[in-house]
Structures are given as C-alpha cells and as structure tokens.
Amino acid sequence: MSEQRLQGTCAFRLYPTDDLAAADSFATVEETGAEGLVLRYGWTHADDGGQTGAILVGKPAEDGALRVAWTDGWHQPEATLLTGSGDARSFEVSYEYAPGWHWSISLRAHESEIEMVMRNQTPPEVADPTPYDVMVARWEVAG
C-alpha cells in the first residue's frame, strides 16, 4: 500500500466572526485495505505554530454507521471517535465534546486532491448554534 503525499493550504479561524487565515499545509494518505485510509496532515496556527493531526477511517459498519478515529495536536490531543455516514473517501462525522458543543469533520477524496472541512457548533445559550467552518483544508498530489 503506497503513501501519497499532498501539498496545499489550510485555513483556520477560532470564532465565526474571524476571517479564515490560510497557510501552507501538507498531508499524506495511505490506504489501509480495500475500504480504509489513514490521513496525516500538518497545518499552522497563527499563534502556536506548526500542528499535526491524523484521521483513521475504515469500512462502514453493517448498519451503515461510519466510525472515524481522530487526533490533532491543537484541536483534539486525545484520540477520539466520531460517528456519521459515508465511506473512507467521502464522509461526514461528528461528536459532542461538551454538553451542547459539537465538532464535525467532512472529507472528500478525489483522484488527485482531498478537501477537509472541520466545523464547530455552540449551544444556543452561548452563541448562534449554526455550525461554522473552523478549518478548511485542500490538498493536491505533490509533484
């Protein structure tokens, strides 16, 4: 199973009122079998510098549910499990990280590129509960 190296950008913001700030980014993707993959990525936080993360996704369960393991040095240092739907090349997964607070990740892998969007949703008593993009990454096969 070969590893594919990708280059691109990752745009980040903390609050929905902030502008997305883009910086160079990299990713590697490796198939883990006929229906799985591991995505490793690096991005730059404006104040905290270089960060890395990884996503492990496999085959959907018999009931159609997809479970994805995720860790990110800045967002989620402890590995956590997100659930949702899709497959290793196109999915939407999420989890509730505190009462009323939700985090979601969507990923679309194409022939030569990958797009990943991370969203946050706050409880209505804190702020507008509409999910907003926190991180938007796009990578293309390096070369």
Side-chain angles (χ1 to χ4, degrees), residues 1-61 65-143:
M1 290 173 217
S2 63
E3 179 179 271
Q4 217 175 21
R5 298 183 184 281
L6 303 107
Q7 292 292 128
T9 60
C10 180
F12 170 81
R13 66 179 170 186
L14 189 56
Y15 300 108
T17 54
D18 296 340
D19 290 331
L20 284 163
D24 289 340
S25 179
F26 68 89
T28 62
V29 64
E30 183 175 0
E31 292 182 359
T32 61
E35 299 186 51
L37 65 78
V38 176
L39 172 71
R40 293 177 184 87
Y41 59 90
W43 62 286
T44 303
H45 185 278
D47 296 324
D48 296 332
Q51 305 295 319
T52 59
I55 294 174
L56 170 64
V57 58
K59 180 180 177 177
L66 185 69
R67 292 164 185 86
V68 172
W70 172 58
T71 183
D72 182 293
W74 197 86
H75 296 292
Q76 182 64 45
E78 302 84 22
T80 195
L81 188 64
L82 293 85
T83 59
S85 61
D87 59 37
R89 308 212 49 89
S90 180
F91 62 78
E92 284 275 342
V93 293
S94 65
Y95 82 111
E96 185 176 43
Y97 63 92
W101 296 80
H102 296 268
W103 189 258
S104 67
I105 300 173
S106 66
L107 182 129
R108 304 288 178 262
H110 308 283
E111 288 290 319
S112 62
E113 67 181 22
I114 294 176
E115 300 169 344
M116 180 176 69
V117 178
M118 298 183 180
R119 292 181 181 90
N120 192 35
Q121 181 178 357
T122 64
E125 62 272 13
V126 173
D128 178 357
T130 303
Y132 67 94
D133 295 352
V134 173
M135 203 157 104
V136 177
R138 290 185 178 85
W139 303 287
E140 294 182 351
V141 173

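Position 1 is the first residue of the sequence; numbering continues from there. Bear in mind the structure is a predicted one, so any value in this text is a computation, not a measurement.
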S.K.: Identify, with sequence neighbours excluded, every residue that meets ring-ring contact (aromatic ring centres under 6.0 Å, His included) alongside Trp70.
M.R.: Trp103
S.K.: Could you tell me whether His75 and Phe12 have their ring centroids closer than 6.0 angstrom?
M.R.: yes
S.K.: Quick check: do Tyr132 and Asn120 have side-chain heavy atoms less than 4.5 Å from each other?
M.R.: yes
S.K.: Can you tell me which residue among Tyr97, Tyr95, Phe91 is in a side-chain contact (heavy atoms from CB on, under 4.5 Å) with Leu82?
M.R.: Tyr95
S.K.: Which residues pass the side-chain contact (heavy atoms from CB on, under 4.5 Å) test with Ala65, not counting sequence neighbours?
M.R.: Asp63, Arg67
S.K.: Closest approach of Pro129 and Gln121, non-hydrogen atoms and distance?
M.R.: O-CG, 2.9 Å
S.K.: Evaluate the side-chain proximity of Val68 to Ile105: yes if any heavy-atom separation is below 4.5 Å, no if none is.
M.R.: no
S.K.: Check step by step if side-chain contact (heavy atoms from CB on, under 4.5 Å) holds for Asp133 and Arg13.
M.R.: CA-CA 8 Å; Asp133 295 352; Arg13 66 179 170 186; 4.1 Å; yes
S.K.: Taking the side chain as every heavy atom from C-beta outward, state whether Glu35 and Asp87 have any atom pair closer than 4.5 Å.
M.R.: no
S.K.: When you compare the side chain of Gln76 with that of Thr71, does any pair of heavy atoms fall below 4.5 Å?
M.R.: no
S.K.: Does Trp101 have any side chain to side chain donor-acceptor pair (under 3.5 Å) partners at least two apart in sequence or in another chain, and if so, which?
M.R.: none
S.K.: Please report the C-alpha distance between Ser94 and Arg119 in whole Å, then the side-chain angles of each, then the deciding distance to 0.1 Å, and finally whether the side-chain contact (heavy atoms from CB on, under 4.5 Å) criterion is met.
M.R.: CA-CA 9 Å; Ser94 65; Arg119 292 181 181 90; over 6 Å; no
S.K.: Could you tell me how the ring of Trp43 sits relative to the ring of His45: parallel (under 30°), tilted (30 to 60°) or perpendicular (over 60°)?
M.R.: perpendicular
S.K.: For Ala27, which residues count as a side-chain contact (heavy atoms from CB on, under 4.5 Å) partner, sequence neighbours excluded?
M.R.: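 Ala27 satisfies side-chain contact (heavy atoms from CB on, under 4.5 Å) with Leu6, Leu39, Tyr41, Trp139 once adjacent residues are dropped.
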S.K.: Does the Glu140 side chain pair with the main chain of Glu113, one donor and one acceptor, at a distance under 3.5 Å?
M.R.: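 Not at all, since once roles are kept as given, no pair shorter than 3.5 Å links the two residues.
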S.K.: Checking Asp47 now: which residues fulfil side chain to side chain donor-acceptor pair (under 3.5 Å) with it, not counting sequence neighbours?
M.R.: none
S.K.: Starting at CG of Leu66, measure out to NZ of Lys59 and round the result to the nearest 0.5 Å.
M.R.: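 Spacing of CG (Leu66) from NZ (Lys59) equals 12.0 Å.
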S.K.: Which pairs, with at least one residue in residues 14-24 and sequence neighbours excluded, count as a side-chain hydrogen bond (donor to acceptor under 3.5 Å, both in side chains)?
M.R.: none
S.K.: Counting only N and O atoms by type, is there a donor-acceptor contact under 3.5 Å from the side chain of Ser25 to the main-chain atoms of Thr44?
M.R.: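 Here the side-chain-to-backbone pair does not exist.
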S.K.: Decide yes or no for Glu30 and Arg40: does some side-chain heavy atom of the first lie under 4.5 Å from some side-chain heavy atom of the second?
M.R.: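 Touching, per the 4.5 Å side-chain cut-off.
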S.K.: Which of these passes side-chain contact (heavy atoms from CB on, under 4.5 Å) with Arg108: Glu115, Met116, Arg138?
M.R.: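 When side-chain contact (heavy atoms from CB on, under 4.5 Å) is applied between Arg108 and each of Glu115, Met116, Arg138, only Glu115 qualifies.
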